[in-house]
Amino acid sequence: SALRAIECDDKVGEHHSALGRAYREKGDLDRAVSSYETAVDLAPKDGVIWAGFGTTRMKQGKVDEAVQCFEKAVSCNPDYAFAYEALGLAFAQEENWKAAVDAFHHAIKCDPGQAAPAYYNLGNTLASSGKFDEAAAAFREAIKLKPSVVVPRIGLGAALSHLEKNDEAVAEFAAAFDCGRGSRLI
(Lines give C-alpha, C1' and ligand atoms only; values in the text may rest on other atoms or scores of the structure.)
Protein backbone atom coordinates (compact mmCIF):
# COMPACT_ATOMS: atom_id res chain seq x y z
CA SER A 1 0.00 0.00 0.00
CA ALA A 2 1.03 3.63 -0.40
CA LEU A 3 1.19 4.15 3.39
CA ARG A 4 3.53 1.19 3.79
CA ALA A 5 5.74 2.49 0.97
CA ILE A 6 5.91 5.90 2.64
CA GLU A 7 6.86 4.26 5.95
CA CYS A 8 9.79 2.63 4.15
CA ASP A 9 10.86 5.75 2.22
CA ASP A 10 9.00 9.03 2.68
CA LYS A 11 11.22 10.87 0.19
CA VAL A 12 9.69 9.37 -2.96
CA GLY A 13 7.14 11.56 -4.71
CA GLU A 14 5.43 8.61 -6.40
CA HIS A 15 4.54 7.13 -3.01
CA HIS A 16 2.88 10.35 -1.88
CA SER A 17 1.13 10.61 -5.24
CA ALA A 18 -0.26 7.06 -4.84
CA LEU A 19 -1.50 7.98 -1.39
CA GLY A 20 -3.08 11.15 -2.78
CA ARG A 21 -4.85 9.13 -5.47
CA ALA A 22 -6.14 6.69 -2.82
CA TYR A 23 -7.44 9.54 -0.67
CA ARG A 24 -9.07 11.14 -3.74
CA GLU A 25 -10.80 7.88 -4.64
CA LYS A 26 -12.12 7.64 -1.06
CA GLY A 27 -13.38 11.23 -1.29
CA ASP A 28 -10.94 12.61 1.30
CA LEU A 29 -9.85 15.52 -0.85
CA ASP A 30 -8.08 17.50 1.88
CA ARG A 31 -5.75 14.59 2.61
CA ALA A 32 -5.35 14.00 -1.12
CA VAL A 33 -4.22 17.61 -1.61
CA SER A 34 -1.78 17.33 1.28
CA SER A 35 -0.30 14.15 -0.22
CA TYR A 36 -0.02 15.71 -3.67
CA GLU A 37 1.60 18.85 -2.24
CA THR A 38 4.28 16.64 -0.70
CA ALA A 39 4.58 14.64 -3.93
CA VAL A 40 5.17 17.70 -6.13
CA ASP A 41 7.66 19.09 -3.61
CA LEU A 42 9.61 15.82 -3.86
CA ALA A 43 9.19 15.36 -7.64
CA PRO A 44 8.50 18.77 -9.18
CA LYS A 45 9.23 17.56 -12.73
CA ASP A 46 6.90 14.56 -12.71
CA GLY A 47 4.02 15.30 -15.08
CA VAL A 48 1.99 12.32 -13.90
CA ILE A 49 2.03 13.60 -10.33
CA TRP A 50 1.04 17.10 -11.45
CA ALA A 51 -1.85 15.64 -13.48
CA GLY A 52 -3.06 13.67 -10.46
CA PHE A 53 -2.91 16.83 -8.38
CA GLY A 54 -4.90 18.65 -11.07
CA THR A 55 -7.52 15.90 -11.09
CA THR A 56 -7.88 16.33 -7.33
CA ARG A 57 -8.25 20.09 -7.70
CA MET A 58 -10.98 19.53 -10.31
CA LYS A 59 -12.83 17.25 -7.87
CA GLN A 60 -12.64 20.08 -5.34
CA GLY A 61 -14.11 22.49 -7.89
CA LYS A 62 -10.91 24.54 -7.93
CA VAL A 63 -10.65 24.82 -11.70
CA ASP A 64 -8.05 27.61 -11.79
CA GLU A 65 -5.73 25.59 -9.57
CA ALA A 66 -6.40 22.48 -11.64
CA VAL A 67 -5.46 24.37 -14.81
CA GLN A 68 -2.16 25.37 -13.20
CA CYS A 69 -1.46 21.74 -12.27
CA PHE A 70 -2.31 20.44 -15.76
CA GLU A 71 -0.19 23.15 -17.37
CA LYS A 72 2.68 22.10 -15.13
CA ALA A 73 2.07 18.46 -16.14
CA VAL A 74 2.36 19.23 -19.86
CA SER A 75 5.38 21.46 -19.32
CA CYS A 76 7.08 18.50 -17.59
CA ASN A 77 5.91 16.01 -20.20
CA PRO A 78 4.95 17.65 -23.52
CA ASP A 79 3.72 14.30 -24.93
CA TYR A 80 1.34 13.50 -22.07
CA ALA A 81 -2.04 13.13 -23.81
CA PHE A 82 -4.02 12.62 -20.59
CA ALA A 83 -2.78 15.92 -19.15
CA TYR A 84 -3.74 17.80 -22.31
CA GLU A 85 -7.17 16.20 -22.30
CA ALA A 86 -7.68 17.05 -18.62
CA LEU A 87 -6.52 20.59 -19.34
CA GLY A 88 -9.07 20.79 -22.15
CA LEU A 89 -11.85 19.65 -19.82
CA ALA A 90 -10.84 22.27 -17.27
CA PHE A 91 -10.83 25.01 -19.90
CA ALA A 92 -14.20 23.81 -21.19
CA GLN A 93 -15.63 24.01 -17.69
CA GLU A 94 -14.54 27.66 -17.65
CA GLU A 95 -16.08 28.10 -21.13
CA ASN A 96 -12.66 29.01 -22.48
CA TRP A 97 -13.51 27.28 -25.74
CA LYS A 98 -10.42 28.21 -27.75
CA ALA A 99 -8.01 27.03 -25.06
CA ALA A 100 -10.05 23.83 -24.60
CA VAL A 101 -10.02 23.11 -28.35
CA ASP A 102 -6.26 23.70 -28.49
CA ALA A 103 -5.68 21.35 -25.55
CA PHE A 104 -7.80 18.58 -27.10
CA HIS A 105 -5.90 18.95 -30.39
CA HIS A 106 -2.64 18.52 -28.46
CA ALA A 107 -4.01 15.39 -26.76
CA ILE A 108 -4.99 13.94 -30.13
CA LYS A 109 -1.58 14.72 -31.59
CA CYS A 110 0.19 13.06 -28.64
CA ASP A 111 -1.68 9.76 -28.88
CA PRO A 112 -3.75 9.56 -32.09
CA GLY A 113 -4.52 5.86 -31.78
CA GLN A 114 -6.11 6.30 -28.35
CA ALA A 115 -7.73 9.66 -29.03
CA ALA A 116 -11.42 8.67 -29.07
CA PRO A 117 -12.13 10.36 -25.70
CA ALA A 118 -10.25 13.49 -26.79
CA TYR A 119 -12.21 13.62 -30.05
CA TYR A 120 -15.45 13.15 -28.10
CA ASN A 121 -14.56 15.95 -25.68
CA LEU A 122 -13.46 18.11 -28.60
CA GLY A 123 -16.85 17.50 -30.22
CA ASN A 124 -18.69 18.49 -27.05
CA THR A 125 -16.60 21.64 -26.72
CA LEU A 126 -17.16 22.65 -30.32
CA ALA A 127 -20.89 21.98 -30.00
CA SER A 128 -21.01 24.04 -26.79
CA SER A 129 -19.43 26.92 -28.66
CA GLY A 130 -21.93 26.60 -31.52
CA LYS A 131 -19.54 25.06 -34.08
CA PHE A 132 -21.74 22.12 -35.02
CA ASP A 133 -20.03 21.26 -38.34
CA GLU A 134 -16.67 20.95 -36.60
CA ALA A 135 -18.28 19.11 -33.68
CA ALA A 136 -19.79 16.57 -36.09
CA ALA A 137 -16.36 16.00 -37.63
CA ALA A 138 -14.81 15.41 -34.19
CA PHE A 139 -17.56 12.98 -33.19
CA ARG A 140 -17.02 11.10 -36.48
CA GLU A 141 -13.32 10.73 -35.66
CA ALA A 142 -14.19 9.32 -32.23
CA ILE A 143 -16.57 6.86 -33.89
CA LYS A 144 -13.86 5.78 -36.38
CA LEU A 145 -11.60 4.90 -33.46
CA LYS A 146 -14.29 3.26 -31.33
CA PRO A 147 -17.27 2.32 -33.53
CA SER A 148 -19.14 0.42 -30.82
CA VAL A 149 -19.13 3.26 -28.29
CA VAL A 150 -22.48 4.95 -27.73
CA VAL A 151 -21.79 8.51 -26.58
CA PRO A 152 -19.99 9.92 -29.66
CA ARG A 153 -22.93 8.71 -31.78
CA ILE A 154 -25.33 10.60 -29.53
CA GLY A 155 -23.12 13.69 -29.80
CA LEU A 156 -23.00 13.33 -33.57
CA GLY A 157 -26.77 12.93 -33.71
CA ALA A 158 -27.23 16.10 -31.63
CA ALA A 159 -24.78 18.08 -33.79
CA LEU A 160 -26.50 16.91 -36.97
CA SER A 161 -29.85 17.86 -35.49
CA HIS A 162 -28.56 21.40 -34.82
CA LEU A 163 -27.43 21.50 -38.44
CA GLU A 164 -30.98 20.47 -39.43
CA LYS A 165 -29.71 17.25 -40.99
CA ASN A 166 -32.52 15.36 -39.35
CA ASP A 167 -32.37 12.13 -41.35
CA GLU A 168 -28.67 11.75 -40.58
CA ALA A 169 -29.32 12.66 -36.93
CA VAL A 170 -32.00 9.98 -36.61
CA ALA A 171 -29.64 7.44 -38.19
CA GLU A 172 -26.93 8.26 -35.63
CA PHE A 173 -29.35 8.06 -32.70
CA ALA A 174 -30.52 4.68 -34.05
CA ALA A 175 -26.90 3.54 -34.39
CA ALA A 176 -26.28 4.59 -30.80
CA PHE A 177 -29.26 2.53 -29.71
CA ASP A 178 -28.00 -0.41 -31.79
CA CYS A 179 -24.65 -0.31 -30.01
CA GLY A 180 -26.59 -1.90 -27.20
CA ARG A 181 -26.69 -1.82 -23.46
CA GLY A 182 -23.58 -2.50 -21.54
CA SER A 183 -21.29 -1.01 -24.13
CA ARG A 184 -18.65 1.47 -23.14
CA LEU A 185 -19.63 5.11 -23.04
CA ILE A 186 -16.26 6.30 -24.36
Side-chain angles (χ1 to χ4, degrees), residues 17-18 21 24-25 46-59 63 66-67 69-186:
S17 176
R21 184 175 47 256
R24 181 179 66 234
E25 290 171 4
D46 188 322
V48 173
I49 292 174
W50 278 107
F53 195 7
T55 301
T56 301
R57 289 301 196 187
M58 285 294 288
K59 286 215 178 253
V63 179
V67 166
C69 290
F70 295 134
E71 287 177 336
K72 197 78 161 144
V74 297
S75 74
C76 293
N77 185 350
D79 296 323
Y80 191 17
F82 171 81
Y84 280 112
E85 188 173 349
L87 182 59
L89 290 169
F91 282 137
Q93 190 165 332
E94 293 180 321
E95 297 183 3
N96 185 345
W97 307 126
K98 182 184 179 338
V101 166
D102 289 346
F104 292 130
H105 281 295
H106 278 293
I108 292 163
K109 182 178 166 187
C110 289
D111 196 359
Q114 299 299 315
Y119 276 119
Y120 170 72
N121 289 317
L122 175 61
N124 279 336
T125 299
L126 291 164
S128 293
S129 64
K131 297 180 178 178
F132 298 108
D133 278 325
E134 293 175 55
F139 290 129
R140 283 186 176 104
E141 291 299 320
I143 292 166
K144 277 186 205 172
L145 290 168
K146 300 256 183 164
S148 65
V149 177
V150 173
V151 187
R153 292 186 180 282
I154 294 170
L156 178 56
L160 292 169
S161 179
H162 281 284
L163 294 168
E164 298 183 8
K165 296 181 178 181
N166 295 325
D167 290 341
E168 291 177 60
V170 168
E172 284 305 322
F173 289 131
F177 183 77
D178 288 342
C179 285
R181 292 192 180 117
S183 83
R184 293 179 44 105
L185 294 178
I186 187 68

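Everything quoted here is computed from the prediction, not taken from an experiment. Every heavy atom of this structure was used, including side-chain atoms; hydrogens, water molecules and symmetry mates were not.
- Side-chain atoms of Arg24 come within 3.5 Å of backbone N or O of Gly52 as a donor-acceptor pair.
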Stepwise, does the side-chain contact (heavy atoms from CB on, under 4.5 Å) test hold for Ile143 with Glu172? CA-CA 11 Å; Ile143 292 166; Glu172 284 305 322; 4.0 Å; yes
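- For the pair Ser128 and Glu95, the minimum side-chain heavy-atom distance is 4.5 Å or more.
- Checking side-chain atoms of Asn121 against main-chain N and O of Pro117 turns up a donor-acceptor pair under 3.5 Å.
- Thr55 contributes a side-chain N or O that, together with a main-chain N or O of Ala51, makes up a donor-acceptor pair within less than 3.5 Å.
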Verdict with reasoning, Asp46 to Cys76, per side-chain contact (heavy atoms from CB on, under 4.5 Å): CA-CA 6 Å; Asp46 188 322; Cys76 293; over 6 Å; no
One pair to check against side-chain contact (heavy atoms from CB on, under 4.5 Å): Tyr80 and Cys110. What are the steps and the verdict? CA-CA 7 Å; Tyr80 191 17; Cys110 289; over 6 Å; no
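- Looking at heavy atoms from C-beta onward, Phe139 lies in side-chain contact with Asn124 at the 4.5 angstrom threshold.
- Within the 3.5 Å criterion, the main-chain N or O of Pro147 finds a donor-acceptor partner in the side chain of Arg153.
- The closest side-chain heavy-atom distance from Val48 to Ser17 is not below 4.5 Å.
- Put simply, the side chain of Pro152 does not reach to within 4.5 Å of the side chain of Tyr119, judged on heavy atoms.
- In this structure, the side chains of Val151 and Tyr120 come closer than 4.5 Å at one or more pairs of heavy atoms.
- By the 4.5 Å heavy-atom criterion applied to side chains, Phe104 and Glu85 are counted as neighbours.
- Contact check on Arg140 versus Glu168 returns a salt bridge, with a Lys/Arg side-chain nitrogen under 4.0 Å from an Asp/Glu carboxylate oxygen.
- The closest side-chain heavy-atom distance from Leu163 to Asp133 is below 4.5 Å.
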I would like to know whether Val67 and Glu94 meet side-chain contact (heavy atoms from CB on, under 4.5 Å); could you show each step before the answer? CA-CA 10 Å; Val67 166; Glu94 293 180 321; 4.1 Å; yes
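- The side-chain heavy atoms of Lys131 and Val101, taken from C-beta on, include no pair separated by under 4.5 Å.
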